[in-house]
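Here the structure comes first, spelled out in structure tokens, and everything after it is commentary.
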Amino acid sequence: MLTMIEGKRVLKEKLDDYYSEIFEKELIEEIIEVGGLRNISNGELLINIGDELTHIPLITRGAIKLIIEEENHDEIVLCYLEKGSTCAISFVNCIHRSKSIFRAIAVRDSEAILIPVKKLDEWLVKYKTFRYFIIDSYHFRLIEAIKSVKSLAFKNLDERLIEYLMDKVKLMKTNILNITHQEIATDMHTSRTIISRLLKDLENEGKIKLKIKKIIIKKM
DNA sequence: ACATTAAGTGATT
DNA sequence: AATCACTTAATGT
């Protein structure tokens, strides 16, 4: 029982740190009431496609990527979940269906507060801040989606590669990326050789430094 | 020392 | 921009 109370106290601290700005006091209290803290290590599969969605994560540390899979087994990154932000897809996915349409994988060592899905309906009605949180994150996602369509439509591969690297640096919170050329190529749905060439160009321009399985981003 | 995986490169479409 | 075919470099056993 003591550990339980201790757990709730930790939960409160986490929420005060990141979510007290956006959620009203009563909602925070309810989250503490029904939520549970979960550690997720880097690379861990949190949710798979088709899994029963019983809980929704509020990220307090690290980053989680959500991906959907195409028929041809190609993967598309939907979004990244980070502290304070969320991908409304994960919430709204639960409103009308219980099975997940996405896969969630930690890309850093992460930590999340898990909220039972059945609270969603109730909270959406009860708490204005919760509604805004969901709507805001949808808005944010839409802007992101428009950005990536624009990027695909109007930007060359070399510009998209720079964007990719910058995003990665921001996401991983380090300018030393442990990633292979092949992984980048797969993410960008292109071939490894051309990524290698473009990276080489960037290195010659002094913007990055290439090591094996490692890219150091300098000035951009 | 050897096999495996990652990266670099020229040529072709 | 993609694919092929090949080389070279790095890494694990």
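We name chains A, B, ... by the order of the sequence lines, and we start the count at 1 in each one.
You'll find that the side chain of A:Thr193 is closest to C:dC4, out of C:dT11, C:dA2, C:dC4.
Among the protein residues, A:Thr180 comes within range of the sugar-phosphate backbone only, with heavy atoms under 4.0 Å from sugar or phosphate atoms but none that close to a base. Contacts of A:Leu199 with the nucleic acid, taken as non-hydrogen atoms under 4.0 Å apart, are absent.
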A:Lys65/A:Glu75 under salt bridge (Lys or Arg N to Asp or Glu O under 4.0 Å): CA gap, chis, key distance, verdict: CA-CA 12 Å; A:Lys65 76 169 167 183; A:Glu75 287 183 342; 5.5 Å; no

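Using a distance-only test at 3.5 Å, with no hydrogens or angles considered, no donor-acceptor pair links the side chain of A:Lys155 to the main chain of A:Lys150. A:Thr180 places no side-chain N or O within donor-acceptor distance of the main-chain N or O of A:Lys213, the cut-off being under 3.5 Å. Within the 3.5 Å criterion, the main-chain N or O of A:Ile216 finds no donor-acceptor partner in the side chain of A:Asn175.
Rounded to a whole Å, the CD1 atom of A:Ile195 is 9 Å from the P atom of C:dA2. Atom CG in A:Asp158 sits roughly 12 Å away from atom P in C:dA2 (whole-Å rounding). In this entry the distance linking CZ of A:Arg160 with C1' of C:dA2 reads 14 Å, nearest Å.
A:Arg103 and A:Leu45 make their closest contact through CG-CD1, 3.4 Å (heavy atoms, listed as atom of the first residue, atom of the second, distance).
A salt bridge links A:Glu44 with A:Arg38: the closest approach of a Lys/Arg side-chain nitrogen to an acidic carboxylate oxygen falls below 4.0 angstrom.
Counting 5' to 3', DNA chain B first comes under 4.0 angstrom of a heavy atom of chain A and last does so at the ends given by B:dA6 to B:dA11.
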